[in-house]
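Presented below is the structure to which this report refers.
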Amino acid sequence: MKSTFLSLLAALSLGTALQAADLGGVTLKVGSDTTSPPMEFIDPATGAITGFDVDVVNAICEKINCKAEFVTTGWDGIFTALQEGQFDLVASGVSITEERQAVMDFSEPYIVNGQAILVRAADAALTVDDFKSGAHKLSAQTNTTDAATAEEIAGKDNVQAYDSFNGSVLALRNGDVDGVVINGANAAAYEAEFAGELVVTIRDLKADPLGLVFQKGSDKVAAFNEGLAAIKADGTLDALIAKYWTAE
């Protein structure tokens with residue numbers, strides 16, 4: 001399935017260091033809010049944490065000689081837990097913003113994600129202008145760029161934010177709000193999960209570069225950037241994008 005909301009960052013420099021760093025086989029704890037398929041989610045058949053971000057981190061670790069141990073963590077406390085040292089990094093579809101960069105370090109971006117709006121199937125004709133008019137309410141997960149985009153579109157008084165994404169979806173299904181701003185990368189998964197009930201008809205609202213997140217001053221950022229450059233250069237990242245979004 002072809003997707004216009006997600007693109008490989010071909011314009012970004014791959015860097016000159018194709019010989020990746022060596023972390024000596026260390027096991028790194030990776031915090032992730034595992035409720036956003038296909039970025040990261042719990043496989044119902046095995047109970048294992050899986051998804052695109054998991055595969056990206058594991059591929060990088062293969063290049064820089066480390067192992068990743070993913071830990072499910074709620075979004076509302078994920079960055080605090082990182083700062084407290086509960087994780088070595090966070091991989092959870094995190095948008096790179098100036099505000100976050102002031103207190104955390106990011107890897108180079110690995111994908112660009114366009115935001116979208118999830119609506120009830122009966123309201124599939126709604127447009128961005130309908131939400132801008134103030135006649136319809138939006139929702140999003142709190143403390144996300146999705147929530148910021150929702151406020152930009154509908155105004156703060158017409159946005160209801162929830163600590164969990166599931167709270168926003170429940171509000172939509174109950175008719176408390178008329179749309180949920182989501183990562184476009186998750187659109188197909190949500191449409192499949194709520195087939196016939198919820199749909200995504202508004203796409204590519206804003207383009208967010210996503211990165212892996214580290215404590216400010218972490219000595220692991222450079223190594224992960226080298227590993228990321230390596231999986232870009234050898235086609236691994238392209239293959240993972242195809243696996244989750246563009247494969248027939």
Side-chain angles (χ1 to χ4, degrees), residues 1-3 5-43 45-73 78 82 87-96 104-114 183-186 188-189 207-215 218-248:
M1 179 182 66
K2 279 290 181 183
S3 171
F5 61 75
L6 191 65
S7 62
L8 178 63
L9 301 175
L12 289 178
S13 169
L14 295 179
T16 58
L18 296 182
Q19 181 63 44
D22 188 335
L23 295 185
V26 65
T27 296
L28 303 177
K29 288 191 175 181
V30 186
S32 192
D33 178 12
T34 54
T35 61
S36 299
M39 299 300 286
E40 48 271 327
F41 59 99
I42 305 295
D43 185 333
T46 65
I49 299 172
T50 188
F52 176 70
D53 281 341
V54 178
D55 285 357
V56 168
V57 172
N58 285 337
I60 291 173
C61 275
E62 286 185 10
K63 299 294 186 182
I64 62 176
N65 191 19
C66 61
K67 296 179 181 178
E69 178 186 333
F70 276 77
V71 181
T72 295
T73 306
I78 200 165
L82 174 67
F87 318 125
D88 297 285
L89 67 150
V90 166
S92 198
V94 183
S95 299
I96 301 171
M104 297 174 281
D105 281 345
F106 282 84
S107 70
E108 293 295 323
Y110 56 98
I111 58 170
V112 172
N113 176 58
N183 285 338
N186 306 118
D208 276 349
L210 307 186
L212 306 174
V213 196
F214 302 81
Q215 286 185 345
S218 171
D219 60 0
K220 297 178 179 63
V221 178
F224 270 79
N225 280 337
E226 289 184 28
L228 177 56
I231 68 169
K232 287 179 179 180
D234 70 6
T236 299
L237 187 56
D238 280 330
L240 291 177
I241 289 174
K243 172 183 174 180
Y244 285 94
W245 289 287
T246 62
E248 295 295 333

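Since the model is a prediction, treat every value here as computed from it, not as a measurement.
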If every non-hydrogen atom of [X] is compared with every non-hydrogen atom of [Y], which pair is closest and at what distance?
| X | Y | answer |
| --- | --- | --- |
| I64 | A223 | CG2-O, 3.4 Å |
| V221 | F106 | CG1-O, 3.7 Å |
| A91 | L212 | CB-CD2, 3.7 Å |
| Q215 | L82 | NE2-O, 2.7 Å |
| D55 | K243 | OD2-NZ, 2.7 Å |
| L240 | A59 | CD1-CB, 4.4 Å |

Verify the distance criterion only: is there a donor paired with an acceptor across the side chains of N113 and D208 at less than 3.5 Å?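 No pair is found: no donor N or O on one side chain lies under 3.5 Å from an acceptor on the other.
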If I take atom [atom1] from residue [X] and atom [atom2] from residue [Y], how far apart are they, to the nearest 0.5 angstrom?
| X | Y | atom1 | atom2 | answer |
| --- | --- | --- | --- | --- |
| L28 | L89 | CG | CG | 6.5 Å |
| D33 | F41 | CG | CZ | 13.5 Å |
| K67 | L23 | NZ | CG | 13.0 Å |
| D43 | T34 | CG | OG1 | 11.5 Å |
| D53 | Y110 | CG | OH | 3.5 Å |
| E108 | N225 | CD | CG | 5.0 Å |

Is there side-chain contact between L210 and P109, with at least one heavy-atom pair below 4.5 Å?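 Contact flag for L210/P109 side chains = no.
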When you compare the side chain of S32 with that of T73, does any pair of heavy atoms fall below 4.5 Å?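 No - every pair of side-chain heavy atoms lies 4.5 Å or more apart.
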Results of ring-ring contact (aromatic ring centres under 6.0 Å, His included) for F214 - residues two or more places apart only: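 Listed in chain order: F224.
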Donor-acceptor pair, distance only, cut-off 3.5 Å: does the side chain of [X] make one with the backbone of [Y]?
| X | Y | value |
| --- | --- | --- |
| Y244 | M39 | no |
| N183 | A185 | no |
| D88 | K29 | yes |

Salt bridge (Lys or Arg N to Asp or Glu O under 4.0 Å) with D105: which residues, sequence neighbours excluded?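 For D105 the salt bridge (Lys or Arg N to Asp or Glu O under 4.0 Å) partners, ignoring immediate neighbours, are K216.
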State which residues pass side-chain hydrogen bond (donor to acceptor under 3.5 Å, both in side chains) with T236; sequence neighbours excluded, sorted by chain then number.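 With sequence neighbours excluded, T236 shows a side-chain hydrogen bond (donor to acceptor under 3.5 Å, both in side chains) to D234, given in chain and number order.
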With respect to T72, which candidate in I78, I42, T35 satisfies the side-chain contact (heavy atoms from CB on, under 4.5 Å) definition?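 When I78, I42, T35 are each tested with T72, the side-chain contact (heavy atoms from CB on, under 4.5 Å) holds only for I42.
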With C66, which of I60, V57, V26 fulfils side-chain contact (heavy atoms from CB on, under 4.5 Å)?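 Result for side-chain contact (heavy atoms from CB on, under 4.5 Å) with C66: V26.
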